[in-house]
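Lettering follows sequence order; numbering is per chain, from 1. Please read all numbers here as calculations on a predicted model, not as lab measurements.
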Amino acid sequence: MHDVYFFNTMGRSIQRFEPLHDHTVGFYGCGPTVYNFAHIGNLRTYVFEDILVRTLRRFGYDVTHVMNITDVGHLSGDDDTGEDKMLKSARERGKSVLEIARFYTDAFFKDTERLNINRPTIVCKATEHIQDMIDLIRRIEANGYTYFAGGNLYFDVSKFGHYGELAGLQLDQLKAGARVEVDPHKRNPFDFVLWFTKSKFENQALLWDSPWGKGYPGWHIECSTMSMKYLGEQFDIHAGGVDHIAVHHTNEIAQSEAATGHKWVNYWMHAEFLVLDKGKMSKSSGSFLTLQTLVEEGYDPLDYRYFCLGGHYRSQLSFSWEGLDQARSARLSLVDRVIALKERAGTPAPLPRLGERPMRYREAFDEALADDLAMPRALAQAWTMLKDPEMTPAETLALVLDMDDVLGLGLAGAERRETSVDAETVRWIEEKIQKRADAKKARDFATADAIRNELKTRGIQLEDRPDGTVWRLTE
RNA sequence: GGCGCCGUACCCAAGAGGUAAGGGAGAGGUCUGCAAAACCUUUAUACAGCGGUUCGAUUCCGCUCGGCGCCUCCA
């Protein structure tokens, strides 16, 4: 078991991680609202959470990772009066809410899979936990934190002593309503809805009976409900994007602790945004890139994963195609090295038998991870290790594969892409190589170079090595 | 109006009160008929600007300029 330090948003400081129970970790990561594709900014956060889980597991913790799928309750508007995002998307696309949810949930996991993001231990849908939410709301209500107004059940933030602690909010200094019209039914602008009853959605799906009338849950309650259901009323880590600090997570804390009467989450971790030149990536500004777009532009999804690894999760990372190109070059070079190591070393050296020098690299790599997931430093360690001439190929291979347990770049499965070329093409290429060899032997370099160029235009690069000519795909 | 972050070489990006990781790109070299690949070497007297604290700051403090995020659905 390795000591780990994380930056806890609660308290805004690096803190030593101490799990509630020994070797187990309960981790809840806010999942997607499945009304549209995830964009690469969203995906950055999931890469971060994946690194977090992989790191904890590497250090010996048994992690239960829970992720929600928001398929109801998340409103599209700037205030609590907007339409549910799922309903809106379904209406606009002429599909049922169920179809929309299934489609985008599948798309989401297809993306995360392509990024080598491990599946959470438990994936739970909001719509399958409505009764649990109602039960939790009733506890909050029984404890006196709610009021009913205008058809909605509200959480009364003034009853919750340290509301806004996570975000450092001071209620009296916030200019609530400066940019958004405040719901007139609210006693306090920061009150939020636990349960909606909206007659205008009477004939639509996503309505459930409740003690407060037919309606649907507020967005925040699902995370409180499902996290506690699967991880217990107090658990270790809750993560998400920085945008969730001030509202979503702040409200989650208020309602959760109002229900149970005790502390809910010990460590809060938030991933910074992926930003473009003009600011953050968002669906409304039109600068909305999906992983699929990157693939269509010729990138491997793992190029994007590598790109994410290049920046610390608590710093904004600026996306650019040039940056992605650089990530691709670096990743391909890494893969080439691993392939070469496999060819030279055969099987990796057994980890326990590695000597002092390799183990120092491993320790440095782990130190970086343990220091609030310093991936750029961990990556730098990996590169330095890869270039160390004092190490044997078997040692280097063993270590790089070991590190890849966290990096998640699929290095164990790395192999020459040439193996995917069909036999007929291989035969054709080999004939060309033979003809070129003959030309070279006759010192007819013009012909030799012509053949090499012909192959090059077809994406096949020839390399003359001491023991003969080999070919490889360039794209 | 409030809260917070950032500004490091051509690009991305770490970092530490004592003299700047790593990657990409570039340059030179070895090898080669020439290439490619690989390997070797190389690329910030200095970390936006100006002050202050200090024996010493790029790293701490203040101000200025510039960029960004949150306070409103949002990873």
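The separation between A/Asn42 atom CG and B/C73 atom P is 16 Å, rounded to whole Å. Distance A/Phe190 CZ to B/C70 C1': 12 Å, rounded to the nearest Å. Put simply, CG on A/Asn453 is 12 Å from P on B/A36, counting in whole angstrom units. Atom CZ of A/Phe7 is separated from atom P of B/C5 by 8 Å (rounded to the nearest Å). As rounded to whole Å, 16 Å separates atom P of B/A75 from atom CD of A/Gln316. Atom-to-atom, NE2 of A/His312 to P of B/U8 comes out at 18 Å; the value is rounded to the nearest Å. In this structure, CG of A/Leu379 is placed 13 Å from P of B/G15, rounded to the nearest angstrom. Regarding A/Leu473, its CG atom lies at a distance of 15 Å from the C1' atom of B/A36, rounded to whole Å.
No contact: A/Arg328 has no heavy atom under 4.0 Å from any strand. Contact annotation for A/Lys441: no contact, since no heavy-atom pair falls under 4.0 Å across all strands. Among the protein residues, A/His244 comes within range of the sugar-phosphate backbone only, with heavy atoms under 4.0 Å from sugar or phosphate atoms but none that close to a base. When heavy atoms are screened at a 4.0 angstrom cut-off, A/Glu463 is found touching base atoms of the nucleic acid. Using a 4.0 Å heavy-atom cutoff across all strands shown, A/Gly323 reaches no nucleic acid atom at all. If you check every strand for non-hydrogen atoms under 4.0 Å, A/Arg436 touches a base. Here A/Ala330 lies in heavy-atom contact (under 4.0 Å) with sugar-phosphate atoms only.
The gap from the P atom of B/A36 to that of B/C31 amounts to 15 Å, rounded to the nearest Å. Of the C1' atoms belonging to B/C10 and B/G49, the separation is 22 Å, rounded to the nearest Å. Rounded to a whole angstrom, the distance from the P atom of B/G18 to that of B/G56 is 14 Å. As rounded to the nearest Å, B/U64 and B/C11 have C1' atoms that lie 28 Å from one another. For the C1' atoms, the distance linking B/A9 with B/A44 amounts to 5 Å, nearest Å. Rounded to whole Å, the P atom of B/C50 lies 23 Å from the corresponding atom of B/C12. With P as the reference atom, B/A46 and B/A20 are 12 Å apart, rounded to whole Å. Look at the C1' atom in both B/U59 and B/A14: the space between them is 13 Å, to the nearest Å.
In this structure, A/Glu454 pairs ionically with A/Lys432, as a charged nitrogen and a carboxylate oxygen lie closer than 4.0 Å. Salt bridge absent: A/Arg328 and A/Asp300 never bring a charged side-chain N and a carboxylate O closer than 4.0 Å. Salt bridge present: A/Arg416 and A/Glu343 bring a charged side-chain N and a carboxylate O closer than 4.0 Å. Salt-bridge check for A/Arg114 with A/Asp111: passed, with a basic side-chain N closer than 4.0 Å to an acidic carboxylate O. Salt-bridge annotation for A/Lys125 and A/Asp71: absent, with no side-chain N of the basic residue lying under 4.0 Å from a carboxylate O of the acidic one.
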CA sep, side-chain torsions, deciding dist, call: A/Tyr163, A/Ser158, side-chain contact (heavy atoms from CB on, under 4.5 Å): CA-CA 8 Å; A/Tyr163 181 82; A/Ser158 70; over 6 Å; no

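For B/G33, the base is stacked against the aromatic ring of A/Phe445, per a cut-off of 5.5 Å between centres and 30° between planes.
When distances are taken from the side chain of A/Ser329 to each of B/A75, B/G33, B/A25, the shortest belongs to B/A25. Side-chain proximity of A/Ala448 to the nucleotides B/A75, B/G33, B/A36 is greatest for B/G33. Of the candidates B/C34, B/C39, B/G23, the closest approach to any side-chain atom of A/Gln326 belongs to B/G23. Distances were taken from every side-chain heavy atom of A/Arg377 (C-beta onward) to each of B/A14, B/A75, B/G23; the shortest belongs to B/A14. Picking from B/G33, B/A75, B/C70 the nucleotide with the shortest atom distance to the side chain of A/Lys440 gives B/G33. Listed nucleotides: B/G22, B/A75, B/C34. Nearest to the side chain of A/Ala380: B/G22. You'll find that the side chain of A/Ser318 is closest to B/C12, out of B/G69, B/C12, B/G33. In this structure, of B/G23, B/C68, B/A21, it is B/G23 that holds the atom nearest to the side chain of A/Trp383. Taking the side chain of A/Val247 as heavy atoms from C-beta on, and the options B/G22, B/C73, B/C34, the nearest nucleotide is B/C73. Counting only heavy atoms from C-beta on, A/Arg472 has its side chain closest to B/A37 among B/C12, B/A37, B/C70.
No hydrogens or angles considered: nothing links the side chains of A/Glu463 and A/Thr469 as a donor-acceptor pair under 3.5 Å. Donor-acceptor pairing under 3.5 Å is lacking for the side chains of A/His220 and A/His249. When only modelled atom types and interatomic distance are considered, A/Tyr361 and A/Asp388 share a side-chain donor-acceptor pair under 3.5 Å.
One can find a donor-acceptor pair under 3.5 Å joining the base of B/G33 and the side-chain atoms of A/Asp449. At a cut-off of 3.5 angstrom, the base of B/C11 holds no donor-acceptor pair with the side chain of A/Asp325. A/Arg314 contributes no side-chain N or O that forms a donor-acceptor pair with the base of B/C5 under 3.5 Å.
Comparing A/Phe273 and A/Leu317 by the nucleotide of RNA chain B whose heavy atom lies nearest to each, the residue mapping closer to the 5' end is A/Leu317. The 5' end of RNA chain B is approached more closely, in terms of each residue's nearest nucleotide, by A/Leu462 than by the other of A/Ile40 and A/Leu462.
Figure legend: cation-pi geometry between A/Arg458 and A/Trp428, with NZ or CZ positioned under 6.0 Å from the six-membered ring centre and within 45° of its axis.
The phosphate of B/G22 (OP1 or OP2) has no side-chain N or O of A/Lys387 nearer than 4.0 angstrom. Contact check, A/Arg337 against B/C39: a side-chain N or O comes under 4.0 Å of OP1 or OP2.
Residue A/Arg436 forms a salt bridge (charged side-chain N to carboxylate O under 4.0 Å, His left out) with just one option from A/Asp444, A/Asp449, A/Asp464, and that option is A/Asp464.
With a 3.5 Å limit on both pairing distances and Watson-Crick or G-U wobble geometry required, the stems of 3 or more pairs in RNA chain B span B:1-7 with B:65-71, B:10-12 with B:22-24, B:26-30 with B:38-42, B:48-52 with B:60-64.
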